[in-house]
Amino acid sequence: MNNTETLHQRFEKVWGNLPGLGTLSAVNHTSIGRRFMMTGAVFFLIGGLLAMLARTQLALPQQNILSADVYSQVFTMHGTVMMFLFAIPILEGTAIYMIPKLIGARDLVFPRISSLGYYCYLFGGIIIMSSLFLGVAPDSGWFMYTPLSSAEFSPGPGSDFWLLGITFVEISAVAAGVELTVSILRSRAPGMTLSKMPIFCWYILAMALMIVFGFPPLILASVLLELERAAGMPFFEVAAGGDPILWQHLFWLFGHPEVYIIFLPAAGIISTIIPVFSGRPIVGYRWIVLSIILTGFISFGLWVHHMFTIGIPQLAQAFFAIASMMVAIPTAIQVFAWLATLWTGKVVYNLPMLWVFGFLIVFVCGGLTGVMLAMVPFNWQVHDTHFVVAHLHYVLVGGMFFPLIAGLYYWLPQFSGRMPSERLGRWGFWLTFIGFNATFLMMHLTGLLGMPRRVYTYEGGLGWDWLNLLSSVGGFVMAAGVAMIILDVVLHFHFGRKAKVNPWKADTLEWATGMPPTPYNFASIPNIETRHPLWEQPELTRSIPQGQHGLTEIEHGRRETYGSDAISGKLKEVMHLPTNSWWPLSAAFCLAIVCVSLLVRFYPVAIIGTIAAAACLLRWSWENGAHPAAAPVTENEPRNPPLHSRTFDGPGLWGMVITLLADGALYLSLLFGWFYLWTVSPEWAVPEESAVSLPWLTASGIFLTIAVVLYNRLVARLRRGDDSGLGSGLWLVSAVSVAHLAILLWVTVSAPLQFTELAHDAVLLVMLMFLIFHSGLSVIVTALQALRVRFGYVHKGLPYEPIVIKPLWVYSLGIFWCSLASFFLLPMAWGMS
C-alpha cells in the first residue's frame, strides 16, 4: 500500500458516514446535497403526475374526470410542489453538493445546519403531501390569496397544511441561504480572490442572499394568516381594520425574487458549461458579475407587476412597468455574453450543450412574453388567462429545468464516476423539447382567445378545443421525455462507461476531486493563482490527491478546511467542522411534532415539542469551540494559522450577522404591514387610549440598554485579552436582561389588547411577541456562555462564542427602540392615540 492510499484511508476514517441507520446522522455536504436532489426529484415526479391529471381533464370540453373541487386541489398542489418542494430545494441541493468542490473546500462551514435544513425540508414536504392523500389538500392556488384562503372560504384544514408545511420548508431554505453565503465568502481555497472565483459561485452567492432577504416576507405572511385562521387575529379582514391586499404584497415580495432565485443558479450552470465546451474563458466575466448583482437588486422592485389589476394608482403602475422592463437589461448582458463565447470559441456539440441550446431558445421566448406582460394595458387583457400560465412555464421550465438537466449530464461523472449515454440522452431531450413547446406554445393562443386559468372545464365551440387537446398531447410527450431521462440516468449508474480524469477538459476545481466523490473532496488544498486552475495548472488533478498541498494533517481526528479572507482569499484560519451528529435530526423531528400538533389544534403537545426542539438546539450549540467533541485545547494545535474558535472573526460571527439580516427582513416586513394597514386599510381603527403601558415599556428598554452596554464592555475586554470576571459578568448581564424580559412579559400580558377584534391590536401583539422571543433568546444563550466559562470552554484564549452573540444583543436592542418609536411614539405624534 503506497503513501497516497494510506493518506486517503485516514481521511476516509475521519470524514466517512456511520454505517446502517447511523447514516441518518451524516452532516457532510456530499451526502446532504445528494439527499436534497433525490428528494426534490421525487417531489418533481409527484408534481408532474398532478400536471398530467390536470391536462387530462382539460384535453376535451365538458369532461368530468376530476370534479371542480378535486381539480382545484390538483392545480394548487401542482404549483406548490413544483415551486416549493422541487425547484428551490433541488437547486439548493446542487449548490450544497457543488460549492465546496468548486471553491476548494472540504465541506460547508455549518454542516449541521445543512443537515437540519434537509430534515426540515423533508418533514415539511411530507406534511404538505399528506394533505393530498388525506383528501384535504389546499385548493386556493399556490399563492393562497386571501380571503379565498381564509377560514370563511376555506374552512377545512387544507390552508393550514399549506401554511405550516411551507413555513417549515422555508426554514430549510433560509438555513441554506445563510450556509451558502458564509461558505462562499469565508472558506475559499487560499489565493482564490473574489475575481478568481468560478462564475457559478457568483450566481449561488446572489441566490443565497436573495433567499436571506426574500423568504422572510412569506414566512411572516404565513404566520399571520395561520394566526388569523387559528386564533381569529384579523390581519386580512377588512371589517376589523385588516386588508386582504396585504397578503398579496407580502407574498409577491417573496414571489417575484423567487423567480430569479430559481433562474440565477440555472444561469450559473449555463455560464459554467458554455466556456468548457467552447474551449475558452467566458466573455465578459466582470460584466456578468455586475449583471448578476443588478438582477438581484432589481428583482426586489418588481413585485407589484403581479398586481396591476387590483386597482393601484397609475403612477405606481408606470413605475413598476418600467422596473419590469429594466430587468431585461442585465439578463440580456448574460445572453449576449453566452452568445459571444459560443461565437468566438470552438464549440463541441454534445449532450449538455444540446440542453443549453434548448434553454437559449425557450428562455428567450419566455423573456419576450415577460416584456409583453410588463406593459400594463396588455397585462390587463390577458390577466388570469392561460397566456400567463404559458409565460410562467416558459420562464421557469425554460429558465430552470433545461439548465438543470444540462448540469445533470455535465456533472453526472461527479456523482457516479461514469459518463452519460448520448443516444438515450438525445431522445430524452427531443421528446421533452417538442412536448414542452407543443404544450405551452399553444397555451399562449388559448389565453389570447380568453380562456381563464384555474377553470376545471369549458364549453365546446369556443375555439379552445383543438388547442387544449394539442396541449394535453404535448404534455404527455414531454412526460415521455422526462421518463427517458430518468431511464438514462438509472441505467448509466450500472452500464455507463467509466469517466477518465477531467473528462470534459474543464477549468474548475471540482474535476480535481475523486470520482466517484470522496466525503472530504481534497486530500490537500492548493493555493489558487488563477480563475481557470485546471487549464493553467493541469497537474493539480494529480498533486491534490497525492497530498502535495496544504492541510494534510489528519491524525488529530478533526474535520478541517481552510478559512480565508472574504475578498482577498488570504489564508486566515483553520476551520474545524463538526462530525456526524444526531442533533439536527432530533431538532427537526421535534419541530415536525410542533407543526402536526398545531394542525390538529393540540396545543399542549405543541408546547412540549417547542421546548424539546429548543433543548436539542441548545445541546447542539454546547458542542462548539473547545468542547471535547469539537476542538479541545491541546499543546500541538495549529497556531499559524490558528483554529477558528481561537479567533475573533470566525464563520460563526458571519453566520450570526447573515441570520440577523434574514430576521431583519422579517421585522421590516412586519413594519411594512403596520404602515400599510395604517395608511391603506379603509376600516383601520385605533383605540382611544393605548392598551400598552408606555412608562413600563420604556423601563423595560432601559434595562435592556444596560444589559447591552455591560455585554459590549465584556466583549471589548475579551478582545484586549482580559477575561477577569468574565463568568460573573455574563451572569450579571443575564440577570439585568431577565428584569427587562420580566417587565416586557408583564406589559404584554396585562395589556387589554383586543387582538381578535382589531387588526391594530393584533399587529401590536405580534410585535410584542417578536421582541419577547429575541430578548428571551439573548438571555438563554448568554447564560449558556456563562456556564461554558465555568467548564473552561470560554476564556481569553477562546473568545469565539461571546463575540458571536454580540450582534444578537445589538439587534435585540435596535428592534426594541425601533418598535417603540414606530408602533407607539409615531402614531402618538400623528395624533392617532
Heavy-atom donor-acceptor pair, [X] side chain to [Y] backbone, under 3.5 Å:
X	Y	result
Ser621	Leu618	yes
Glu179	Phe110	yes
Trp202	Leu194	yes
Arg188	Ile184	yes
Ser822	Ser819	no
Arg559	His576	no
Tyr520	Glu560	no
Ser564	Leu571	no
Thr561	Arg106	yes
His29	Ile96	yes

*Begin with the C-alpha distance, continue with both residues' side-chain angles, and end with the deciding distance and a verdict on side chain to side chain contact (heavy atoms under 4.5 Å, CB included) for Ile567 and Thr193.*
CA-CA 6 Å; Ile567 297 174; Thr193 63; over 6 Å; no
Any chance the side chains of [X] and [Y] put a donor and an acceptor closer than 3.5 Å?
X	Y	answer
His740	Ser700	yes
Arg717	Ser724	yes
Asn636	His556	no
Arg35	Thr23	yes

*asked:* Among residues at least two apart in sequence or on other chains, which ones pass ring pair (Phe, Tyr, Trp, His ring centres under 6.0 Å) with Tyr800?
replied: His644
[X] versus [Y]: any side-chain heavy-atom pair under 4.5 Å?
X	Y	answer
Val794	Pro802	yes
Pro807	Leu653	yes
Val810	Tyr711	no
Leu768	Val692	yes
Val708	Leu704	yes
Tyr667	Leu220	no
Ser568	Asp565	yes
Asp107	Met575	no

Is it the case that over 12 heavy atoms from other parts of the model lie below 6.0 angstrom from the [atom1] atom of [X]?
X	atom1	result
Phe755	CZ	no
Phe11	CZ	yes
Tyr603	OH	yes
Arg619	CZ	yes

For the residue pair [X] and [Y], what are the closest heavy atoms and their distance?
X	Y	answer
Val715	Lys806	CG1-CD, 4.1 Å
Ala626	Leu798	CB-CD1, 3.5 Å
Pro100	Phe522	O-CE1, 3.8 Å
Phe235	Leu224	CD1-O, 3.4 Å
Pro687	Asp761	CG-OD1, 3.7 Å
Gly22	Ser25	O-OG, 2.6 Å

Check residues 726-736 and write down every donor-acceptor pair under 3.5 Å in which the side-chain atom is one partner and the other belongs to a residue at least two apart or another chain.
| from | atom 1 | to | atom 2 | distance (Å) |
| --- | --- | --- | --- | --- |
| Ser728 | OG | Gly725 | O | 3.1 |
| Ser734 | OG | Leu730 | O | 2.9 |

*asked:* Can you tell whether the side chains of Glu12 and Arg10 come within less than 4.0 Å, N to carboxylate O?
replied: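 No.
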*Less than 6.0 Å separating the ring centroids of Trp678 and His760?*
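Trp678 vs His760: aromatic centres not under 6.0 Å.
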Show every donor-acceptor pair shorter than 3.5 Å between a side-chain atom in residues 654-661 and any protein atom, with sequence neighbours excluded, or say none if there are none.
| from | atom 1 | to | atom 2 | distance (Å) |
| --- | --- | --- | --- | --- |
| Trp654 | NE1 | Asp649 | OD1 | 3.0 |
| Thr659 | OG1 | Gly655 | O | 2.6 |

N/O donor-acceptor pairs under 3.5 Å from side chains in residues 780-788, not counting sequence neighbours:
| from | atom 1 | to | atom 2 | distance (Å) |
| --- | --- | --- | --- | --- |
| Thr782 | OG1 | Ser778 | O | 2.7 |
| Thr782 | OG1 | Trp809 | NE1 | 2.9 |
| Gln785 | OE1 | Arg788 | NE | 3.4 |
| Arg788 | NH1 | Trp622 | O | 2.6 |
| Arg788 | NH2 | Asn624 | O | 3.0 |
| Arg788 | NH2 | Glu801 | OE2 | 3.2 |

*So Phe297 and Ile293, side chain to side chain contact (heavy atoms under 4.5 Å, CB included) or not? Walk me through it.*
CA-CA 6 Å; Phe297 275 105; Ile293 296 170; 3.6 Å; yes
*For the pair Trp746 and Trp696, name the ring-plane relationship: parallel under 30°, tilted 30 to 60°, perpendicular over 60°.*
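If you compare the ring of Trp746 with that of Trp696, the planes turn out perpendicular.
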Could you give the side-chain donor-acceptor pairs of residues 577-592 under 3.5 Å, partners two or more places apart or in another chain?
| from | atom 1 | to | atom 2 | distance (Å) |
| --- | --- | --- | --- | --- |
| Asn580 | ND2 | Gly16 | O | 3.3 |
| Ser581 | OG | Trp583 | N | 3.2 |
| Ser586 | OG | Trp582 | O | 2.9 |

*asked:* Test side chain to side chain contact (heavy atoms under 4.5 Å, CB included) on Leu551 and Ser524; report intermediate values, then the result.
replied: CA-CA 6 Å; Leu551 212 59; Ser524 61; over 6 Å; no
*Do Arg719 and Phe648 meet the cation-pi criteria used here (NZ or CZ under 6.0 Å from the six-membered ring centre, within 45° of the axis)?*
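So Arg719 does make the cation-pi contact.
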*Check side chain to side chain donor-acceptor pair (under 3.5 Å) between Arg186 and all other residues, then give those that pass, not counting sequence neighbours.*
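For Arg186, the residues satisfying side chain to side chain donor-acceptor pair (under 3.5 Å) (neighbours in sequence not counted) are Glu573.
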*Evaluate the side chain to side chain contact (heavy atoms under 4.5 Å, CB included) criterion for residues Tyr97 and Ile32: first the C-alpha distance (whole Å), next the side-chain angles of each, then the deciding distance (0.1 Å), finally the verdict.*
CA-CA 7 Å; Tyr97 190 87; Ile32 301 300; over 6 Å; no
